[in-house]
Each structure stands twice: as structure tokens, then as C-alpha cells.
Student: 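First the structure, which I've put down as C-alpha cells, then a few questions once you've had a look.
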Amino acid sequence: MSASRQPRVVIIGAGVSGIASAITLQRNGFHDFVILEKGSDVGGVWHWNHYPGLTCDVPSQVYQFGFAPKPDWSHVFAPGPEIQRYLADIVDQFGLRPHLRVDAEVVAAEFTGSGWRVETGAGEAYDADFVIAATGVLHHPAWPDIAGLDEFTGTVVHTARWDDSLPTAGRRIAVIGTGSTGVQVVSALQPKARQITHFVRSPQWVIWAPMQLPQPAFVGAVLDRLPALNRALYQAGMTGAKLFTDVVTRPSWRRRAVQQYARLSLRTQVGDPELRERLTPDYQPLCKRQVLSGSYYRALRAGNAELVTTGIEAITPTGIRTSDGRHHEVDTIVFATGFRAHDYMRPMRLTGRDGISIDEAWAKGPRAYRMTAIPGFPNFFTVLGPNSPTGSIPLHHAAEVTARYIAAWINRWSTGEFDTLEVTEAATDRFGAHVAEALEPTVWNTGCNSWYFTEGGHIDLLPFNRHTMETMLSDPDAEDFHLSTQGA
Ligand code: N01
């Protein structure tokens, strides 16, 4: 074995998973890395999303890195800009700026036989021994194909590309889509809009939660003085999060209790039976990504708000025509229509061993061994890639655990144990079969459509608890990989 060598690593994306990867590399003594970020700043979804009302619906105590718990969140559920600032502060605190290239969209990455050549849209090229794709799940906005959209003479905006200069007060606004985003943006725009019309194709269960609850300043001051207490609070939050994982992955009285609470949230907040009927989903609560709000139903009950559940037929120059022939005149259309969640690195030209493209490798849908390694793509890892636990385990933690797994492999590379490694098809299939079996009893599989499903009808989530995830990513299992050394 040769003496320790330093790997060159390209990290694609400076969101939660890219930042976790970079800091994990640093902690392992690897400093020759670059983070290529297509946006103008760090934060990933928290950089791109800044629509009115954006609030994290996961408590801040667990929506943060375990290695950098923030004591002084302004709210129990932090507003979006504060989360983006937290991530930017971490980048500064850990000295990542010199490694960061913003406005650097990766357009191609090709395996050269011994490593990778990565190209940006600006024509820069980087050679690397490893590539870590931290490109995110909720990354590409989904624009629905609705007839007549091009003819609309008002303003059209997608929530994930919000224009902060867009006037909304006194306007007639249509919001299309009712996921977490649609519910937040309707609640935020309703008070000042002249008229707000919420176009809802499939109603969502909306669980009442105190989304605006401030965290008292003294709590932040105490946690700041007592870092051990702050860490203990983070651990307590992680323990609490286990309950949620259990509720969504296994049928039990606990799941039924949460589902009853969702039904109660609707019943107690919407007195009008006709409106309640139209807001009642035809699937079980928690089947889709659960929406939380303390203000949505109130907003809908306001005099300037209307719920439209009739299908959209077409967009006209001045509004939206529904299939009952009614025309809704509006000034602004807000698409809260979500993301193409399974595109991952694409449309990047990602080419693995023997010229295989990611589209060919994923012809039947995205797949990766333990969420991170793809057959045909040596020395390439994803963080929060296919089957990541976006619906069940705190994401920062999942990113940290995956990054540590990748660093463990890179450590072995640095000692000269191998030059390239590639996960086997068989191990990836075994993992896929294990996931498919465990998905059966999950609540996501109880009869709804959601962004959790791939086009091929597979649920793109991890149906295991945190302990199982940590175990599967604790120690690299060389039997599941082909390891080779140059010239061997
Ligand atoms: O997107 P979604 P999102 N005509 O895919 C509708 C995270 N998030 O941006 O269900 C009419 O959930 C579609 O209708 P249907 C969170 O993980 C987190 O809201 O397909 N409607 C649906 O109602 C969340 O789950 C926070 O019938 C159309 C909506 O658009 C994820 O982001 C905040 C349509 C899309 O809902 C995505 O949420 C916000 C059409 N042609 C978001 N096409 C936090 O607080 C689509 N729809 C952390």
C-alpha cells in the first residue's frame, strides 16, 4: 500500500447535502475539493425558494446539522430566509468559501477510466478522483402543461423562482397546487390580495400546527451559553423524530392517532359542510408529504378567498377557465406545482464507465445502492440521492451519515487500497428488493399519488428507521463493490 494520498473531489451543489459533504471531507483531512453551485449563493432549495410565507415545517431543532446546532432560531419553525442564512453562516464558519464556485452549473461529467472530468456551463473543467452529486431532490420546478398558458397577459410565476418585486397586494391572484408550498403561499398572500383563488386538483390533509410560534430570545441566550444543553436538545429532537419515522413506515395505533388528528384539524377549522366536503381528500392522511399549517383554512374562509376544485380546462389571456365553463379573471397566476423530484443530476450529461449515460442506467427509474452508489458510475456518489429518507428522517442527519460513508471509502482510496470502486448490479438489486418489500406497509403506499412516486410507479423514499439507515451506511462493505487498482 502506498503512503496516504490526497483525493481531488468535485462536489456538485452547495445545499444541505453539499455542505455536509464538504465539511465531512475537511474533517477527514481532505482539502482538495471544489463545490460547484449553479445558483448565485449557497443553500440549495433555501436559496432558490423565497416565496411569501416560506417556512420550514420541520422544527428547527432537527432541521439543522448535528455538528452545528444553532441556539437562537427566531421561531420553532424557522422562516426560509433564516435557514438560508444559517447555511451561509456555516459555509463561512467552516471556511468553505475558498472551495466554492457559484454560478457554476455542471453541464457534463464523464468518467475517464481512472477518475472524472467535470465541465461547467461557463466552459471550465475540473479533473477529480471522486465526484459527489449533492444536487438535491426538490431542485427542478415542475411547470404544468396547461393549454393557453402562453396567451396569458398577466404575470406568471413559479414559487420556486419567485420574483421578490412582484406586486401582490390588491391583485387578483390564482394559486395552482396545494402541496406544502401552495398552502403556505395562499396563507401569506390572502390578507392583502384583492381576490385569491386556490385551484386544488387533489385536496391535501392539512394538520394544524403553530407555524408562527416564536422561540423566545432568552431560550436562544441560554442555549448559546450552554452548548451542551443545545446539543442535548438536538438529540432530544432526533429522538422525537423517531416517532414520526415509525408512524409513516409501520401501521399502528400511533399512525391512526396522527391520522385522526388530521381529520380533526379539518373538522374543527372548517365549519361549512360544503367547503369541508370539497377539502376532504379521498386518501389516508400522511399518504402524501404531510402539510402543516395554522393559517390555511382561516385564509380560505376569508371573504376574498375562493377554493376551486373543478378541473382547469385552459388559461385564457385574462384568467383561467375551468371545465364547468366558468371563467376566473386574474392578474397573476402562481404555480405552486412542485418539482420534478426524480431528475436528480439530470439534465447534466453524466457518462459513466464504457460511455453509459445516466439516462440509460436509469431507463427504468432512478436507483442507487444505499441511496449513494450507482452501478456503471465508478468513484461517483450521491448524497440525498434515490430512495433517500425525504419523508421520514431529518435530512441534515441523513446527509451527514451518507457523507461519512463516502468519506470512509475515500479514506480507503487515500491509503492506496484501490483506485476505482464501483457498486455491483447484484448488490444494487438486493438493496432495491429490500426497499420494495419494506415499502409495502408504509403509509405512502396506501393509495394516493404524490411526488414520492417515480414515473415508473415506484416510491422513491427510504422505508427504514434511522438506526437501520445508520447501520447500512456505517461501514463500507467491499463485497458489494468491484475494487480495482490501475494496471490491475
Ligand atoms: O409540491 P407538491 P410543493 N393542475 O408536489 C398540483 C417541500 N416543501 O412545492 O396532487 C393542477 O407537494 C398537485 O396536484 P395533484 C415538501 O417536502 C417543504 O407544494 O398532483 N394542479 C399538487 O397539489 C413538499 O412536499 C416546505 O393533484 C397541479 C401541487 O401542484 C415538497 O417541498 C415548504 C397541476 C404540487 O404539490 C413539494 O411541495 C414547501 C396541474 N396541472 C415545500 N400540476 C417546508 O416547509 C401539479 N399540480 C420544509
Side-chain angles (χ1 to χ4, degrees), residues 15-16 43-46 48-60 62-64 75-84 136-149 157-162 174-188 197-207 209 211-212 248 279 281-283 286-294 296 307-315 320-323 333-342 384 388-396 444 447-453 455 460-461:
V16 165
V45 282
W46 300 104
W48 291 102
N49 284 267
H50 41 93
Y51 59 82
L54 174 62
T55 309
C56 185
D57 57 12
V58 178
S60 314
V62 290
Y63 201 80
Q64 55 180 342
H75 289 75
V76 172
F77 299 94
E82 189 175 356
I83 299 173
Q84 199 276 335
V137 180
L138 304 172
H139 170 182
H140 301 287
W143 287 89
D145 186 15
I146 302 179
L149 177 57
V157 67
H158 192 289
T159 48
R161 294 292 179 272
W162 192 262
V175 176
I176 300 179
T178 187
S180 304
T181 306
V183 163
Q184 289 186 345
V185 82
V186 165
S187 307
T197 312
H198 196 190
F199 290 84
V200 167
R201 186 165 67 178
S202 331
Q204 288 259 33
W205 292 104
V206 180
I207 283 185
M211 303 300 295
Q212 316 300 332
V248 291
L279 282 168
D282 59 2
Y283 54 86
L286 298 167
C287 184
K288 295 186 186 228
R289 164 65 153 71
Q290 187 55 53
V291 177
L292 306 185
S293 176
Y296 173 65
L307 171 75
V308 174
T309 49
T310 312
I312 295 173
E313 193 174 78
I315 294 176
I320 295 178
R321 195 173 60 242
T322 40
S323 58
I333 299 178
V334 176
F335 282 107
T337 43
F339 300 86
R340 302 197 313 274
H342 315 286
L384 301 187
S388 284
T390 41
S392 53
I393 298 176
L395 273 191
H396 295 61
W444 313 308
C448 63
N449 77 327
S450 73
W451 64 262
Y452 291 159
F453 283 84
E455 278 181 13
D460 190 3
L461 289 175

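Note that the structure is a prediction, hence the values are computed from the model and not measured. Remember, it's 1-based here, ligands and their atoms both numbered in the order they're listed. Starting from 1, each residue takes its place in the sequence as its number.
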Student: For ligand 1, which atoms have a heavy atom of Cys56 less than 4.0 angstrom away?
Tutor: 44 (C), 45 (O), 48 (C)
Student: Around atom 7 (C) of ligand 1, find the nearest protein heavy atom and jot down its residue, atom name and distance.
Tutor: Leu138 CD1, 3.5 Å
Student: Start with the C-alpha distance between His198 and Tyr296, add both sets of side-chain angles, then the distance that settles side chain to side chain contact (heavy atoms under 4.5 Å, CB included), and finish with yes or no.
Tutor: CA-CA 11 Å; His198 196 190; Tyr296 173 65; 2.8 Å; yes
Student: Testing the basics here: between Tyr283 and Trp205, what is the closest heavy-atom pair and its distance to 0.1 Å?
Tutor: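 Closest approach of Tyr283 to Trp205: O-NE1, 2.8 Å.
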Student: Working to the nearest 0.5 Å, report the span between CZ of Phe77 and OH of Tyr63.
Tutor: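 So the gap between those two atoms works out to 13.5 Å.
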Student: Considering only non-hydrogen protein atoms, determine which one is nearest to atom 11 (C) of ligand 1 and report residue, atom name and distance to 0.1 Å.
Tutor: Ile176 CG2, 3.6 Å
Student: Please could you name the atoms of ligand 1 that Lys288 approaches to less than 4.0 Å, counting only its heavy atoms?
Tutor: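 Listed by number with element, the hits are 10 (O).
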Student: Under 4.0 Å from ligand 1, counting heavy atoms only, is it the side chain of Phe77, its backbone, both or neither?
Tutor: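 Neither; nothing of Phe77 gets under 4.0 Å from ligand 1.
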Student: Going by the atom numbers of ligand 1, which of them fall below 4.0 Å from some non-hydrogen atom of Thr55?
Tutor: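 What qualifies from ligand 1 is 44 (C), 45 (O).
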Student: Looking only at heavy atoms, what is the nearest atom pair of Ser293 and Val206, with distance?
Tutor: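 Closest approach of Ser293 to Val206: CB-CG1, 3.7 Å.
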Student: What do you reckon, does Phe199 put a non-hydrogen atom under 4.0 Å from ligand 1?
Tutor: no
Student: If you compare all heavy atoms of Val291 against all heavy atoms of Gly179, which two are closest, and at what distance to 0.1 Å?
Tutor: CG2-C, 3.9 Å
Student: Students should be able to answer this: which protein heavy-atom is nearest to atom 5 (O) of ligand 1, and at what distance?
Tutor: Trp451 CD1, 3.4 Å
Student: Enter the distance from His50:NE2 to Thr159:OG1 here, rounded to the nearest 0.5 Å.
Tutor: 10.5 Å
Student: Among all protein heavy atoms, pick out the one at the shortest distance from atom 8 (N) of ligand 1; state its residue, atom name and that distance to 0.1 Å.
Tutor: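 Scanning the protein heavy atoms, the shortest distance from atom 8 (N) of ligand 1 goes to Ser180 CB, 4.0 Å.
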Student: Which residue supplies the protein heavy atom nearest to atom 17 (O) of ligand 1, what is that atom called, and how far is it?
Tutor: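 Protein heavy atom at minimum distance: Arg289 NE, 3.2 Å.
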Student: Does Ala336 approach ligand 1 within less than 4.0 angstrom via side chain, backbone, both or neither, non-hydrogen atoms only?
Tutor: backbone
Student: Please confirm whether the backbone N or O of Gly53 pairs with a side-chain atom of Thr55, one donor and one acceptor, at under 3.5 Å?
Tutor: yes
Student: What protein heavy atom lies closest to atom 42 (C) of ligand 1? Include the residue and the distance to one decimal.
Tutor: Thr181 OG1, 3.3 Å
Student: For the ring pair Phe339 and Trp451, is the centre-to-centre distance below 6.0 Å?
Tutor: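 No: the rings miss the under 6.0 Å criterion.
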Student: Write out the residue and atom name of the closest protein heavy atom to atom 40 (C) of ligand 1, then the distance separating them to 0.1 Å.
Tutor: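 Closest protein heavy atom to atom 40 (C) of ligand 1: Arg201 NH1, 3.5 Å.
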Student: Does the side chain of Lys288 reach to within under 4.5 Å of the side chain of Ser202, using non-hydrogen atoms?
Tutor: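 Counting from C-beta outward, Lys288 and Ser202 do come under 4.5 Å.
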Student: Measuring from Thr390:OG1 to Leu461:CG, what's the distance to the nearest 0.5 Å?
Tutor: 4.5 Å
Student: Among protein heavy atoms, which sits nearest to atom 15 (P) of ligand 1, and what does the distance come to when rounded to 0.1 Å?
Tutor: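 So the nearest neighbour among protein heavy atoms is Ser202 OG, 3.4 Å.
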Student: On a heavy-atom basis, I'd like to know which of Thr159, Thr178, Ile83, Val291 is closest to atom 23 (O) of ligand 1.
Tutor: Thr178
Student: Counting from 1, what ligand 1 atoms have a heavy atom of Asn449 closer than 4.0 Å?
Tutor: 20 (O)
Student: Within the structure, does Trp46 bring an N/O atom to less than 3.5 angstrom of an N/O atom in ligand 1?
Tutor: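 N/O-N/O distance below 3.5 Å does not exist for this pair.
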Student: Taking all non-hydrogen atoms of both residues, which atom of Trp143 and which atom of His158 are closest, and how far apart?
Tutor: CZ2-CB, 3.3 Å
Student: Give the atoms of ligand 1, by number and element, whose distance to some non-hydrogen atom of Tyr51 is under 4.0 Å.
Tutor: 33 (C), 39 (C)
